[in-house]
Amino acid sequence: MTDTAAPLDTPQPAHPVPVLPAPPVVPATVVAPTDEVPWDGRPPVRTERWWTLSILVSLILLVVLMLVWVTRDHRSVRGPDQLTTPVEVDQFLKEKAIIRGGVGTLALIPTGVFVQTLEITSATDVRVTGYVWQKIEGDARTELKTPGASVQATTGDGQRILVKPGFVFPDQIDSSFKIEPRYVEFIPAGTSDVPPPAPTPTTTVPPITDAPSTTSVGNPPLSGTVPPLTLRRTTRAGSSAGTTVVGWYFEAPVREQFDYAEYPFDHKVVKLRIWPADFLANVVLVPDFGAYPCRTQPSQNCTGKNDIFGIDDSIVLGDFSRGDTYFDYFLTDYNSNFGLNTFQESRYPELQFNVLIQRNVANAMVGTLVPLSVAAGLAFAVLLTITASRNRARRFGFSTSQVMATLAALFFAVLIAHQQLRNQFKDIVYFDSFYFLIYLVILGVAINAILVASPVTGRRTFFSFGDNLIPQLLYWPTLLLAADILAITLLLH
């Protein structure tokens, strides 16, 4: 048996090498472009011209708004039948009033008013203090000693009738404030119209005491707190027998019908209605124009349409400033004859002394518009942070939930300020509309944040162009245009 051996030159196999399977072929994926490139702070499109146009339009609308406000603040609130001269009084009584038996049966009693203090105590109440005086024909000092006594007066047709001097404030709401006579003075016929010279600065004025005055016969005691009113000596409304002037000091809380719908442009007219004390007699109170002489020309009366008279120069009115004063007549319109067949229910003239007061618009705007403007600015800042870009969102710390939280806090701040305004007024006023406008702005910014973050609406051109650029450009022009529309509506009201 022969052994067969492998040839020596045949190579011996080494350790076996494992055959690995070929790696799986991974198909190439198309990577969508992303915005993960670091944001360099520049807008995605050129916006300089768009922002310039937006700012220009906003400035124009802001100027228009201010012009409308200035025009509204300087409007005239005088009554249409302002009386400035005795001729106008006679013409009014003949043309617009209805008098029992005709104008000739009237007894005219000149009456003047001087307001010393005026305070608006509530939305409908005003407290007024001052003087009212009347001029009676002849020497009536003896009759005036007796309370409720009658004096003689002459009607337009020459008849002599008996009337009771005095007056009534029909709008007075508290009878505890008394109306007291303070002085009675007889002015003989022919007394000069020129007022007595004012005392020199070195003149010592004696203090007022509670002792009865002896300067005029029949004077009641003077109070130690209120000095008597110095009247101009005049016989313009008197008779050949002279004139008796009787003056009363009054403190009267009166009820007024104020309209606050135009706040803060709600200029007020405080109307002091004056009735004659004699309820049934044909007596009409007429303005005593001669008691308001001009300071520079005492021989003339300063009771024109642009004159301020019958009110203290240093009167304090709080949030208001003093405007014009004037007389006019209120034509009655009662639905009752008070049980008296001789009482005239309609178109009987009642004398009114009117005081125009203007609200300090600057104070109201600082207290209302400044917080609202800040709120509008903060809402715009939130709008600028709304973006669909991830890099910009990380830079601004933007998220929809954070926007909602910020807007909610802003809403409650505006709501508290609005509540303070609502506590002052019962009805809706002009400045309420600006709070409603800010509420809509806050709601609009919140809706914009949701729509931009939505994968459906966020791709629309209105939101995607310039990364929410269009709402940002339209913010201030839209807001100011709405404010202009509200202001023009107020102006045309």
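Here the side chains of W133 and V246 are not in contact, with every heavy-atom distance at 4.5 Å or above. Looking only at side-chain heavy atoms (C-beta outward), F320 and H267 stay at 4.5 Å or farther from each other. In this structure, T303 and T85 have side chains that are not in contact, with every pair of non-hydrogen atoms separated by 4.5 Å or more. Put simply, the side chain of V132 reaches to within 4.5 Å of the side chain of F250, judged on heavy atoms. Looking at heavy atoms from C-beta onward, L407 lies in side-chain contact with V445 at the 4.5 angstrom threshold. In this structure, the side chains of F431 and P264 come closer than 4.5 Å at one or more pairs of heavy atoms. The shortest distance between side-chain heavy atoms of V254 and I173 does not fall below 4.5 Å. Put simply, the side chain of Y329 reaches to within 4.5 Å of the side chain of V284, judged on heavy atoms.
Taking every heavy atom of both residues into account, E88 and Q82 meet most closely at OE1-O, 3.4 Å. Closest of all the heavy-atom pairs between P276 and L285 is N-CD1, 3.8 Å. Closest approach of P165 to L144, counting heavy atoms only: CG-CD2, 3.5 Å. In plain terms, the two heavy atoms of I438 and A376 that are nearest each other are CD1-CB, 3.9 Å. Listed here is the closest heavy atom pair of A483 and L65: O-CD1, 3.6 Å. Of all heavy-atom pairs spanning P170 and R273, the tightest one is CD-O, 3.2 Å.
Ion pair R127/E251 flagged as a salt bridge, since at least one NZ, NE, NH1 or NH2 atom sits closer than 4.0 Å to an Asp/Glu carboxylate oxygen. A salt bridge does not link D307 with K305: none of the charged nitrogens is closer than 4.0 Å to a carboxylate oxygen. Remark: D73 does not engage R359 in a salt bridge, criterion side-chain N to carboxylate O under 4.0 Å. The pair E185-K135 does not meet the salt-bridge criterion, since no charged nitrogen lies less than 4.0 angstrom from a carboxylate oxygen.
Note: I311 CD1 to L317 CG = 6.0 Å, rounded to the nearest 0.5 Å. Distance check, rounded to the nearest 0.5 Å: CD1 of I357 to CD1 of I120 gives 3.5 Å. Here F114 contributes atom CZ and D312 contributes atom CG; the two are 5.0 Å apart, rounded to the nearest 0.5 Å. Between atom SG of residue C302 and atom CD of residue Q297 there is a gap of 8.0 Å, rounded to the nearest 0.5 Å. Rounding to the nearest 0.5 Å gives a distance of 12.5 Å between CG of L61 and CH2 of W476. Going from atom CD of Q358 over to atom CG of D266 covers 11.0 Å, rounded to the nearest 0.5 Å.
Between the K96 side chain and the L331 main chain, no donor and acceptor come within less than 3.5 Å of each other. T325 contributes a side-chain N or O that, together with a main-chain N or O of F309, makes up a donor-acceptor pair within less than 3.5 Å. Distance alone, capped at 3.5 Å, is enough to place a donor-acceptor pair between the T244 side chain and the A140 backbone. At distances below 3.5 Å, at least one donor-acceptor pair connects side-chain atoms of H74 with backbone N or O atoms of V70. Side chain of Q172 to backbone of D174: a donor-acceptor contact under 3.5 angstrom is found. Between the side chain of T84 and the main chain of G304, no donor-acceptor pair closer than 3.5 Å is present. Of the possible donor and acceptor atoms, none in the side chain of R255 sits under 3.5 Å from a partner among the backbone N and O of V126. No donor-acceptor pair closer than 3.5 Å links the side chain of T146 to the backbone N or O of A149. In this structure, the side chain of D432 engages the main chain of V429 through a donor-acceptor pair within 3.5 Å. At least one donor-acceptor pair under 3.5 Å links the side chain of Q134 to the backbone N or O of G166.
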Would L356 and I308 count as a side chain to side chain contact (heavy atoms under 4.5 Å, CB included) if you check the C-alpha gap in whole Å, the side-chain angles of each, and the deciding distance to 0.1 Å? CA-CA 10 Å; L356 276 62; I308 302 177; over 6 Å; no
Assess the residue pair R160 and T154 against the criterion (side-chain hydrogen bond (donor to acceptor under 3.5 Å, both in side chains)); give the C-alpha distance rounded to whole Å, side-chain angles, the decisive distance to 0.1 Å, and a yes or no. CA-CA 5 Å; R160 302 285 290 178; T154 305; 2.5 Å; yes
Go through it in stages, so that I can follow the logic: the residues are L351 and W275, the test is side chain to side chain contact (heavy atoms under 4.5 Å, CB included), and I'd like the CA-CA distance, side-chain angles, deciding distance and then a yes or no. CA-CA 7 Å; L351 184 64; W275 283 359; over 6 Å; no
Residue pair H418, Y439: steps toward the ring pair (Phe, Tyr, Trp, His ring centres under 6.0 Å) verdict: CA-CA 11 Å; H418 191 191; Y439 295 150; 5.8 Å; yes
Working note: L479 + V441, criterion side chain to side chain contact (heavy atoms under 4.5 Å, CB included); need CA distance, chi angles, decisive distance, verdict. CA-CA 8 Å; L479 180 61; V441 166; 3.7 Å; yes
Verdict with reasoning, Y249 to Q116, per side chain to side chain contact (heavy atoms under 4.5 Å, CB included): CA-CA 10 Å; Y249 177 78; Q116 286 188 311; 3.4 Å; yes
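N282 and T105 share a side-chain donor-acceptor pair at under 3.5 Å. Checked by atom type, the side-chain pair D324/N306 shows no donor-acceptor distance below 3.5 Å.
The environment of CD in Q257 is sparse: at most 12 heavy-atom neighbours from other residues, nucleotides or ligands sit within 6.0 Å.
In this structure, K426 is not positioned above the aromatic face of Y260 in the sense of NZ or CZ being under 6.0 Å from the six-membered ring centre and within 45° of the axis.
In this pair, W248 and F167 present their aromatic rings perpendicular. The plane angle is above 60°, beyond the 30 to 60° band. Using cut-offs of 30° and 60° for the angle between ring planes, the Y183 and Y131 rings count as tilted.
Of the residues listed (I136, V151, L162), the one engaging E143 in a side-chain contact (heavy atoms from CB on, under 4.5 Å) is V151, and it is the only one. None of F425, F434, F258, Y430 except one satisfies the ring-ring contact (aromatic ring centres under 6.0 Å, His included) rule with Y263; the exception is F425.
Remark: Y348 engages no residue in a ring-ring contact (aromatic ring centres under 6.0 Å, His included) (not counting sequence neighbours).
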